[in-house]
Every structure is written in C-alpha cells, then in structure tokens.
Amino acid sequence: MRTPRASALVRWITILASIVAAVAIAVFIFVRITRPLITVTDVVEGPVVQAFYATGTLEADREYEIKTSVAGVVKQVLRDKGDRVKAGETLAIVVDDAPQTERDQVDAEAAYDLKKRWAEENTSPLLRDFDQQIERIQQRLKLAQTEAERYQKVLAQNAGSQSDLDRAANAVLALVSEQESLKQQRTVKQAELEMDRDAAKKKLDLANRRLERVIVSPIDGVVLDRPSSQGTRLEINGHIMQVADVTFDKLVMRAQVDEENKADLRSGQKVLMTLYTFPGRVFSGRVSKIYPKADPTRRTFEVDVAVEQPEINRVPTAFGTRLVDSDEARSLRAFSAGMTGELEFIMEEKASARVVPSQAVQGGTVWAVRAGEIVKPNVAVGLRSIERAEIVGGLGADDKVIISPIGTLKEGQRVRTTWMDPRTAAGLNKPKEASNFKGFAG
C-alpha cells in the first residue's frame, strides 16, 4: 500500500505537469495568434497581356463643317439634324448683304432685262426698225414690180420703148437687193443682240451667285447638328451645319491616350474594345492614325482605332447560299456616332505563362510562404498588366505568393496565412469603370 505521503507527491507531480502542459499550450497558442496574418494565393498558368488603357468615343473618320464663304443672312435651310444628304445636294442658301454685292446684282439684273428686251422679236426697237424698213421697201418693190409689168404690156403692144422697161426692171432689182441686204443686216443684228443677252445673263447669274451663295454637301452623309436657322446673320466662315458619313464601316474609335503611353503606340497595333452599349462584348481593332500633337490641356494624344470587320459566313442551301451574320457583325451595324467605351492597347502578349496577381509584385520582386516562413525567391518579372504579372523562374506551381502588403515583415519570419482564389485576387485590381474587359482569362 502507498503511504499517504507518496500519494500526495504523485498528486503534486500530476498537477505540476498539467500546469506546465497548459502553459506550453497557452504559449503555443499565444505565439500562433500573435504571428502576422497575411493573404496568399496560388501561382497559375494562363495567358498574359501587357497593355495600357484609354477611353474613347465612336466618331466619323472625318467630319465636314459646312461654312459660308461670305458674310450674309441665311435665306433658306433645306436640311435638318439627322437628315441624310447626297454629295452635291443643296443644304442652304446664304444671301450676301454687302452693299456693293447688292448694287452689282441690281445693275446686272437691269442690264439683262434691257438686253433681253432688245433681243426678243416682240420688244426689240432695233429689230422693229429693221422690220419697218423692210416693210417700206416691200411696198416700194410692189409698186416697182407693177410699173415693170405695165411697161412690159405696153411694149408688147408696140406702144412703149425698151429703155423704159429696162429702167423699171433695174428699179425692181435694186429694191430686191436692198431688201435682202436689210434682211441680212437684221439677222446679224439679232445674233449680236442675242449674244449680248446671253452675256448679260451670265453676268446676272454670277451676280446672283455672289448674292445668293448655294451651300452644297461635299459627301454622302448625314447632318450631325442643328443647323443655323433661317434669318440668322453669319460672318465670313460662319458655321451652318456639320456633315459626316456615320455608317458603321466609316466609324473609328477616337481615344485619348495619356502622354506617358505615347511611346508605346504604333500604327497597326492590336486594340481590344468594349462599348457601354454592349456590355460583355469585346471588339477588335487596329490603330489607324496617331495624331502628332498632344492636347495642351489634358496632355493626351488623340488616336484613331479602326474597328475590324468580321467575316460574314455563307452557308449552302437548296437554292445556292445565304449569308449568316455573327453576333459581332449585327452589333457592328448597330454602332452609332457618339457611343463611348474603353480600349485596351496591346503592347505584348503570351498565350501561356506562369502568372500571379499584380499586387504580388512588391518592390520589384515576389514574396512567398513556405513551411510557415516568409521566403524571397529569386524571380524575374516579365509582362505585367493591371491584373496579373508574369513570373520567370524561382517559383513552383505549389508555392503560395503573398498578395497582402509586405510592410515590415522580413524573410524567415513565421506567419499565419489566409488563402484567396487567384481569379478573385487578380480581379481586385480592376478599376471599377473598366470592369468590362480589363482582365485576363486564367
């Protein structure tokens, strides 16, 4: 049997061991709890794109501002906002109200009225004078012909002389010659008067054109704005309306690219676009024009991106073939000037690479956690986008990379971790206004 003293010793040893174990557990828990908590995620394989971003607006590749070349008053406006127009079609008429122009037009109109009156058969005094002379000679000719006929009859009866008949015949010939001469003079004069009339008409037309400027459309297109109203007085080069071809195949995405990205632009560069009208849809395009001067206020460069037209498929039928439009083709036909969206200018891309969320790159490197300790692998950062970065070497597929701020943590320090899905982690970097496409498929 144990003695009471021995039993008490065992009891005290058991209690002491329990206390030591509890303290050890408490210390272990305290150490674990007081270790820094960081967020980690996985290294994944996927496509990576290095790009920069901009906003843009669909616009006609060229807009034509219709102006007046003279100061004057809008007499007539023939087209309104939204109307379709043809090249050469009259859009408006502007009256030049300069005093000298008006006097020139009045003088030209008076000169034309005079020349026109002189050239017309019923109103020309000059032609009427010729007609009166011809009529008088005609009357004299009838008398001379009657006289010659009388002398001829008398001579046939041997009652007159041949000399009298010859004189009468010569008088008839002289009058006939004079009549023909007057007719020829009248014809020449009428031609001269008609030429003067036509010349005066040309001068009048020129004066009218100077007075009333006919404004025509330079292209087939549509009126974009509300034209100047009738009765508006305009100065020289005053705006009347804006015209452009806004069919979908003539539209470009006009973007404003930050000055810092100017060096990364190049003609023909691939661009991915989204429009707020078509959420979730991505359209392809190419840089077609880079404007050489920056906007002095915003410090941005204007860039035109031509939208790539999708192929329209032909499928066989019993009667030949028929066209089958893709969703993209139907969407393109719904494009309208003024729609806005966002553009992703591709600098470089890879179909497959080892990638991590962009916030994992801290201080030019990547930190990871192995066996509960922070490590600093020897890695190189390749392509980098807003969401993800390419990692070259130094990381394995099972490594967990740190995506929370490293702060004052050091290599070798033991930490607690919480895991986040790599897609979710990459998505945290999307600007909210660019959430339509600024990401990469994992």
Side-chain angles (χ1 to χ4, degrees), residues 18-53 258 260-261 263-264 344-442:
S18 299
I19 292 173
V20 170
V23 169
I25 293 172
V27 170
F28 177 78
I29 293 174
F30 176 76
V31 170
R32 292 282 295 180
I33 291 175
T34 56
R35 285 180 186 175
L37 179 65
I38 60 175
T39 305
V40 297
T41 192
D42 297 330
V43 180
V44 297
E45 293 286 334
V48 64
V49 176
Q50 186 164 343
F52 59 90
Y53 304 92
D258 290 339
E260 63 191 47
N261 298 126
D264 297 320
E344 180 181 6
F345 291 81
I346 307 301
M347 298 164 59
E348 192 175 349
E349 59 184 334
K350 291 182 179 179
S352 180
R354 184 163 292 181
V355 295
V356 296
S358 289
Q359 69 266 38
V361 181
Q362 303 183 58
T365 189
V366 175
W367 300 79
V369 174
R370 293 174 182 167
E373 292 185 357
I374 295 177
V375 295
K376 187 179 179 181
N378 183 21
V379 300
V381 180
L383 301 183
R384 187 173 180 180
S385 71
I386 288 179
E387 296 177 22
R388 292 182 181 172
E390 177 192 14
I391 299 302
V392 181
L395 286 175
D398 297 330
D399 277 330
K400 307 296 182 184
V401 295
I402 300 173
I403 58 174
S404 55
I406 196 70
T408 59
L409 299 179
K410 298 179 180 179
E411 187 175 9
Q413 187 171 348
R414 298 191 67 81
V415 292
R416 294 178 297 138
T417 62
T418 179
W419 181 83
M420 181 180 289
D421 183 271
R423 291 177 180 270
T424 304
L428 295 176
N429 301 309
K430 293 182 182 180
K432 293 186 182 304
E433 67 275 12
S435 59
N436 282 338
F437 66 82
K438 290 183 183 176
F440 307 95

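What's counted below: heavy atoms across the whole structure, side chains too, no hydrogens, waters or symmetry copies.
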Exercise. Can you pull the ring-ring contact (aromatic ring centres under 6.0 Å, His included) pairs that have at least one residue in residues 344-364, sequence neighbours excluded?
Worked result: Phe52-Phe345

Exercise. Among all residues two or more places apart in sequence or in another chain, which pass the side-chain hydrogen bond (donor to acceptor under 3.5 Å, both in side chains) test with Asp258?
Worked result: none

For this session: Could you tell me which residues satisfy salt bridge (charged side-chain N to carboxylate O under 4.0 Å, His left out) with Asp264, sequence neighbours excluded, listed by chain and number?
Result: none

Problem set entry | Test side-chain hydrogen bond (donor to acceptor under 3.5 Å, both in side chains) applied to Asn261 - qualifying residues, sequence neighbours left out | none

Problem set entry | Non-neighbouring partners of Gln362 that pass side-chain hydrogen bond (donor to acceptor under 3.5 Å, both in side chains), sequence neighbours left out | none

Problem set entry | side-chain contact (heavy atoms from CB on, under 4.5 Å) partners of Thr424, counting only residues at least two apart | Met420, Asp421

Exercise. In chain order, what residues pass the side-chain contact (heavy atoms from CB on, under 4.5 Å) check against Glu373, with sequence neighbours excluded?
Worked result: Arg414

For this session: Please list all pairs passing the salt bridge (Lys or Arg N to Asp or Glu O under 4.0 Å) test where one or both residues lie in residues 374-385, with sequence neighbours left out.
Result: none

For this session: May I have all residue pairs that pass ring-ring contact (aromatic ring centres under 6.0 Å, His included) and include part of residues 384-403, sequence neighbours excluded?
Result: none

For this session: Return the set of residues passing salt bridge (charged side-chain N to carboxylate O under 4.0 Å, His left out) with Glu348 (not counting sequence neighbours), or none when no residue passes.
Result: none

Problem set entry | Over all atoms of both residues, closest heavy-atom pair of Thr365 and Pro377 | OG1-O, 4.0 Å

For this session: Keeping to residues at least two apart or across chains, list the ring-ring contact (aromatic ring centres under 6.0 Å, His included) pairs with something in residues 361-416.
Result: none

Exercise. With sequence neighbours left out, what residues match Ser404 under side-chain contact (heavy atoms from CB on, under 4.5 Å)?
Worked result: Ile38, Thr39, Ile402

